[in-house]
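Take a look at the structure set out below.
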Amino acid sequence: MYKGSNPSALRSRREIVQSFLALLQHTDLEALSIKQIMDGTDLTRQTFYQIFDSKDEIIEYCLDTLFSDFISHTKEQTTESLCDAAKLFFSFFDKHRDTLALFINNGKSCVVQRKCREYLRDSQYIHYDLQGVRSELEKEFATTFVVSGMVAMLEQWIKEPPESAMSAQALAELVCRMTEAKGIVDY
């Protein structure tokens, strides 16, 4: 994948991504060819391979961009609880639901899940106190639990038909209700 800063290459990358996403709205990923993607641009097939190695790399790039935006967005917000984090998470991804649906509905759930875990675990997304956590090891397990749950909810939410799906606000409120502290149980 192209990592440089040449303005022409960056413009080409944007064109390729736009063509890819537009085609993916009505063409299955497996049936989509590089030729079709490039036919939607004024660029050559050679340019595609200078920017990306494959269609999967376009998906990786789109998700990296999306999660980088999410992490930047979270740094501007205050999250004092899992409830706050859920509100932030679902309200942000509600705006990008259609793009995520293109990938999930084309069998790339595993890539979405991997990127979610990669970015959320390595960020300051979970920087509030996790109730009952007593050690760094417990924090690792608690973080895995929170991230995995949020990712699974996101994926299920995106798979739901929009007309019957819960709102982003309702999903966040569900997380808030589920995680209300009622006391710590000692075993």
What are the two closest heavy atoms between [X] and [Y], and how far apart are they?
X: Asn106; Y: Thr27; value: OD1-O, 4.3 Å
X: Ile158; Y: Ala101; value: CG2-CA, 3.5 Å
X: Cys176; Y: Lys87; value: SG-CE, 4.0 Å
X: Thr47; Y: Ile16; value: O-CD1, 4.5 Å
X: Val146; Y: Leu82; value: CG1-CD1, 3.4 Å
X: Gly4; Y: Leu10; value: O-CD2, 3.8 Å

Drop me the distance from [X]'s [atom1] to [Y]'s [atom2], to the nearest 0.5 angstrom.
X: Gln18; Y: Leu23; atom1: CD; atom2: CG; value: 12.0 Å
X: Gln113; Y: Glu118; atom1: CD; atom2: CD; value: 13.5 Å
X: Leu24; Y: Asp98; atom1: CG; atom2: CG; value: 12.0 Å
X: Trp157; Y: Met150; atom1: CH2; atom2: CE; value: 10.5 Å
X: Asn105; Y: Leu29; atom1: CG; atom2: CG; value: 11.5 Å
X: Arg13; Y: Ile51; atom1: CZ; atom2: CD1; value: 7.0 Å

Using modelled atom types only, decide if a donor and an acceptor are shared between the side chain of [X] and the backbone of [Y] within a distance under 3.5 Å.
X: Asp94; Y: Phe90; result: no
X: Ser19; Y: Glu15; result: no
X: Lys55; Y: Leu32; result: yes
X: Ser91; Y: Leu88; result: yes
X: Glu138; Y: Arg134; result: yes

Item to check | Val147-Phe141 co-clustered via ILVMFWY side chain contacts under 4.5 Å | outcome: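 Looking at the clustering, Phe141 is in a separate group from Val147.
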
Item to check | Residues forming a side-chain hydrogen bond (donor to acceptor under 3.5 Å, both in side chains) with Gln50, sequence neighbours excluded | outcome: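 Not a single residue meets the side-chain hydrogen bond (donor to acceptor under 3.5 Å, both in side chains) criterion with Gln50.
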
Checklist entry - Of all residues at least two apart in sequence or in a different chain, which pass the side-chain hydrogen bond (donor to acceptor under 3.5 Å, both in side chains) check with Lys35? => result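 Checked Lys35 against side-chain hydrogen bond (donor to acceptor under 3.5 Å, both in side chains); matches are Asp39.
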
Checklist entry - Should the ring pair Phe93 and His96 be called parallel, tilted or perpendicular, given that the plane angle runs from 0 to 90° and is split at 30 and 60? => result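 Because their plane-to-plane angle is over 60°, the rings of Phe93 and His96 count as perpendicular.
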
Checklist entry - Is the number of heavy atoms from other residues, nucleotides or ligands within 6.0 Å of CD (Gln36) greater than 12? => result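 Atom CD in Gln36 is crowded, with more than 12 foreign heavy atoms closer than 6.0 Å.
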
Checklist entry - Would you find more than 12 non-hydrogen atoms of other residues, nucleotides or ligands less than 6.0 Å from Tyr49 atom OH? => result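 Counting neighbours around OH of Tyr49, more than 12 heavy atoms of other residues, nucleotides or ligands fall under 6.0 Å, so yes.
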
For a 4.5 angstrom cut-off between non-hydrogen side-chain atoms, does [X] reach [Y]?
X: Phe103; Y: Leu63; value: yes
X: Arg117; Y: Ser148; value: yes
X: Val17; Y: Cys62; value: yes
X: Ile37; Y: Ile58; value: yes

Checklist entry - Taking it one step at a time, do Gln25 and Leu102 satisfy side-chain contact (heavy atoms from CB on, under 4.5 Å)? => result CA-CA 7 Å; Gln25 291 178 22; Leu102 290 175; 3.9 Å; yes

Pairwise salt bridge (Lys or Arg N to Asp or Glu O under 4.0 Å) hits with a residue in [range], at least two apart:
range: residues 151-171; result: Glu155-Lys159
range: residues 103-113; result: Asp56-Lys108
range: residues 167-177; result: none

Item to check | For Phe20, ring pair (Phe, Tyr, Trp, His ring centres under 6.0 Å) partners two or more places apart | outcome: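 Result, ring pair (Phe, Tyr, Trp, His ring centres under 6.0 Å) vs Phe20: none returned.
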
Next on the checklist: Show, in sequence, the C-alpha distance, side-chain angles and deciding distance for Leu174 and Met153, and conclude whether the side-chain contact (heavy atoms from CB on, under 4.5 Å) test is met.
Outcome noted: CA-CA 10 Å; Leu174 174 60; Met153 286 180 78; 4.0 Å; yes

Next on the checklist: Tell me every residue that passes side chain to side chain contact (heavy atoms under 4.5 Å, CB included) with Ala170, counting only those two or more places apart in sequence or in another chain.
Outcome noted: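 Testing Ala170 for side chain to side chain contact (heavy atoms under 4.5 Å, CB included), a comparison that skips the adjacent residues, returns Met166, Ser167.
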
Checklist entry - Taking only residues two or more places apart in sequence, or in another chain, which ones meet Asn6 in a side chain to side chain contact (heavy atoms under 4.5 Å, CB included)? => result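 With neighbours one apart ignored, the set is Tyr2, Ser8, Ala9.
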
Set of salt bridge (charged side-chain N to carboxylate O under 4.0 Å, His left out) partners for [X], sequence neighbours left out:
X: Glu57; result: none
X: Arg114; result: Glu60
X: Lys95; result: none

Donor-acceptor pairs are to be reported for all side-chain atoms of residues 64-72 against protein atoms at under 3.5 Å, with residues two or more places apart or in another chain.
unit_1: Asp64; atom_1: OD1; unit_2: Lys115; atom_2: NZ; d: 2.7
unit_1: Asp64; atom_1: OD1; unit_2: Tyr119; atom_2: OH; d: 3.0
unit_1: Thr65; atom_1: OG1; unit_2: Tyr61; atom_2: O; d: 2.9
unit_1: Ser68; atom_1: OG; unit_2: Asp64; atom_2: O; d: 2.8
unit_1: Ser72; atom_1: OG; unit_2: Ser68; atom_2: O; d: 3.1

Checklist entry - So Leu120 and Thr143, side-chain contact (heavy atoms from CB on, under 4.5 Å) or not? Walk me through it. => result CA-CA 9 Å; Leu120 297 181; Thr143 300; over 6 Å; no

Next on the checklist: Applying side-chain contact (heavy atoms from CB on, under 4.5 Å) to Phe89 and Leu171, what does each step give before you reach the verdict?
Outcome noted: CA-CA 10 Å; Phe89 183 79; Leu171 277 175; over 6 Å; no

